[in-house]
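The structure under discussion appears below in the form of structure tokens.
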Amino acid sequence: MVKKINFLDLKKINERDRAEIDFAVREVIDSGWYLLGKKTDEFEMNFADFCGAQHCVSVGNGLEALELILKAFDIGINDEVIIPSNTYIATALAVSSNGAKPVFVEPDEKTFNIDPSLIEKSITNKTKAIIVVHLYGQVVDMDPIIEIANKYNLKIIEDSAQAHGSVYKNNKRTGNLADASGFSFYPGKNLGALGDGGAVVTNDNELALKIRTLRNYGSEIKYHHNYKGINSRLDEIQAAILDVKLKRLDSDNTRRREISKYYRNNIKNTSIVLPEVSCCENSHVWHLFVVKVNDRDNFQQFLLQNGIATSVHYPIPMHKQNAYKELYDYRLPISEKLSKEICSLPISPVMTDQEVDYVIEVVNKW
Ligand SMILES: *Cc1c(COP(=O)(O)O)cnc(C)c1O
């Protein structure tokens with residue numbers, strides 16, 4: 001019988017590519033070139049290809065990818081940006097750090113993603129953009145949102161930090177669904193570095209060049225500064241590692257789908273609400289497998305006693321965080337309710353069938 005299941009075993013994930021990673025890191029060290037070099041160029045090309053988009057500009061992390069997109073669109077003070085109320089705080093921070101105001105829109109309780117039918121009434125004459133978050137790995141229903149954005153002349157920005165490789169309507173991948181897309185390569189994401197990393201993916205030539213410049217002190221030619229940029233570069237070492245790991249991303253996502261399907265077919269506990277796929281199987285890459293349960297504390301405790309680690313994404317909605325005291329009075333009953341019921345079960349490409357069976361057995365016993 002399986003005794004202990006981690007929520008996410010990063011060592012095991014990276015051990016699979018250990019020889020290639022070691023070799024790639026050594027190559028960078030030996031090259032004597034550590035930022036914005038050949039490895040970064042190669043990874044940017046390969047990741048743009050993976051998304052089916054024209055440009056990938058790598059940056060320091062996922063938060064800065066989103067910040068730089070807004071900055072490049074000149075969105076800031078006196079502007080409003082619509083974001084889902086049910087997301088990681090980075091989405092909101094990208095907006096407020098540019099001086100703009102995040103405007104929260106509630107999720108659809110079934111998909112956990114922003115409810116397109118609630119967007120229009122949150123638009124004011126200050127609204128400049130909508131950030132959609134493909135939460136937990138499931139692609140947002142883009143068509144109605146694109147329609148609204150066209151009607152009000154708004155930019156659409158994807159937060160794809162949890163959704164590398166999800167496909168919208170069997171057609172296009174995240175990164176290729178809006179004006180620009182921010183990705184994170186935080187170690188625990190579906191494509192993770194061995195440190196921080198991020199990227200902006202877009203089909204907009206002008207935007208790509210502007211972000212390429214902004215991430216490097218606003219400079220295209222050394223010591224010539226066109227913008228008040230920032231320093232947000234991906235290390236050559238991380239780019240080299242990501243390029244190795246990218247080759248595995250499709251098969252890893254396939255394995256995640258397999259596990260999710262197995263969970264959904266075999267968890268048969270009536271006090272647990274399982275996640276649903278709203279469209280096609282490939283519209284979800286299962287960064288997280290999130291169930292709903294009324295008695296969450298006890299549920300987590302029971303699983304832990306049986307050696308299974310779980311987590312909550314996320315326990316406190318953003319408008320209830322100290323960081324956003326000024327937004328405390330927002331009425332967001334769906335997000336508040338979800339934050340109390342959601343629980344993430346372990347899912348990762350390195351989980352064995354035996355481990356998945358064990359999780360199912362324990363969950364069904366609760
Ligand atoms: C991880 C994450 C980010 C931020 O990425 P970092 O690389 O940690 O800065 C942004 N948005 C969402 C939805 C995320 O999950």
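Along the sequence shown, residues are numbered consecutively beginning with 1. Everything numeric here is computed off the predicted structure, so don't read it as measured data. Side-chain atoms are counted along with the backbone in the values below, which use heavy atoms only and exclude waters and symmetry mates.
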Do [X] and [Y] have side-chain atoms, one donor and one acceptor, less than 3.5 Å apart?
X: K245; Y: N14; value: yes
X: N176; Y: Y168; value: no
X: S335; Y: E106; value: yes

Atom [atom1] of [X] with >12 non-hydrogen neighbours under 6.0 angstrom:
X: E206; atom1: CD; result: no
X: E42; atom1: CD; result: yes
X: Y186; atom1: OH; result: no
X: N265; atom1: CG; result: yes
X: N153; atom1: CG; result: no
X: F23; atom1: CZ; result: no
X: R16; atom1: CZ; result: yes

[X] vs [Y] side-chain heavy atoms within contact, under 4.5 Å:
X: H313; Y: Q162; result: no
X: H284; Y: S278; result: no
X: C56; Y: F183; result: no
X: R173; Y: V167; result: yes
X: E44; Y: R212; result: yes
X: R257; Y: S260; result: no
X: H55; Y: V200; result: no
X: V285; Y: H164; result: no

Please round to the nearest 0.5 Å and tell me the distance separating atom [atom1] of [X] and atom [atom2] of [Y].
X: E80; Y: I130; atom1: CD; atom2: CD1; result: 12.5 Å
X: I157; Y: I75; atom1: CD1; atom2: CD1; result: 5.0 Å
X: K169; Y: C279; atom1: NZ; atom2: SG; result: 7.0 Å
X: W33; Y: K39; atom1: CH2; atom2: NZ; result: 15.0 Å
X: I211; Y: Y227; atom1: CD1; atom2: OH; result: 10.5 Å
X: Y88; Y: S184; atom1: OH; atom2: OG; result: 9.5 Å

For [X] and [Y], which heavy atoms make the closest approach, and how far apart are they?
X: H319; Y: L332; answer: ND1-CD1, 3.3 Å
X: T40; Y: S58; answer: CG2-OG, 3.3 Å
X: T174; Y: G165; answer: OG1-N, 3.7 Å
X: L154; Y: T127; answer: CD2-O, 3.3 Å

**Prompt:** Is the F185-F47 ring centre distance short of 6.0 angstrom?
**Reply:**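 Yes, close enough.
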
Closer than 4.0 angstrom, basic N to acidic O: yes or no for [X] and [Y]?
X: D196; Y: R233; value: no
X: E15; Y: R18; value: yes
X: K247; Y: D17; value: no
X: E158; Y: K172; value: no
X: D141; Y: K110; value: no

**Prompt:** Where do I114 and I119 land on the side-chain contact (heavy atoms from CB on, under 4.5 Å) test, with the steps shown first?
**Reply:** CA-CA 8 Å; I114 193 165; I119 291 177; 4.0 Å; yes

**Request:** Check the pair R296, I342 against side-chain contact (heavy atoms from CB on, under 4.5 Å), reporting the backbone distance first and the verdict last.
**Result:** CA-CA 8 Å; R296 182 177 67 199; I342 48 176; 3.9 Å; yes

**Request:** Could you go through the side-chain contact (heavy atoms from CB on, under 4.5 Å) check for K12 and N6 one step at a time?
**Result:** CA-CA 11 Å; K12 193 170 174 191; N6 296 320; over 6 Å; no

Quick check: does any side chain N or O of [X] sit under 3.5 Å from a backbone N or O of [Y], one acting as donor and the other as acceptor?
X: Y330; Y: F104; answer: yes
X: R215; Y: V59; answer: no
X: S85; Y: V105; answer: yes

**Asked** Should D243 and K38 be marked as a salt bridge (charged side-chain N to carboxylate O under 4.0 Å, His left out) after you check the CA-CA gap, both sets of side-chain angles, and the distance that decides it?
**Response** CA-CA 12 Å; D243 217 24; K38 235 171 44 193; over 6 Å; no

**Asked** Going through the checks in order, is the salt bridge (charged side-chain N to carboxylate O under 4.0 Å, His left out) test met by K261 and E258?
**Response** CA-CA 5 Å; K261 202 164 189 176; E258 205 174 86; over 6 Å; no

**Asked** Knowing that exactly one of L288, T91, N86 qualifies, which makes a side-chain contact (heavy atoms from CB on, under 4.5 Å) with L135?
**Response**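 Going through L288, T91, N86 one by one, the side-chain contact (heavy atoms from CB on, under 4.5 Å) with L135 is satisfied by N86 alone.
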
**Request:** Begin with the C-alpha distance, continue with both residues' side-chain angles, and end with the deciding distance and a verdict on side-chain contact (heavy atoms from CB on, under 4.5 Å) for D9 and S348.
**Result:** CA-CA 8 Å; D9 190 340; S348 98; 5.8 Å; no

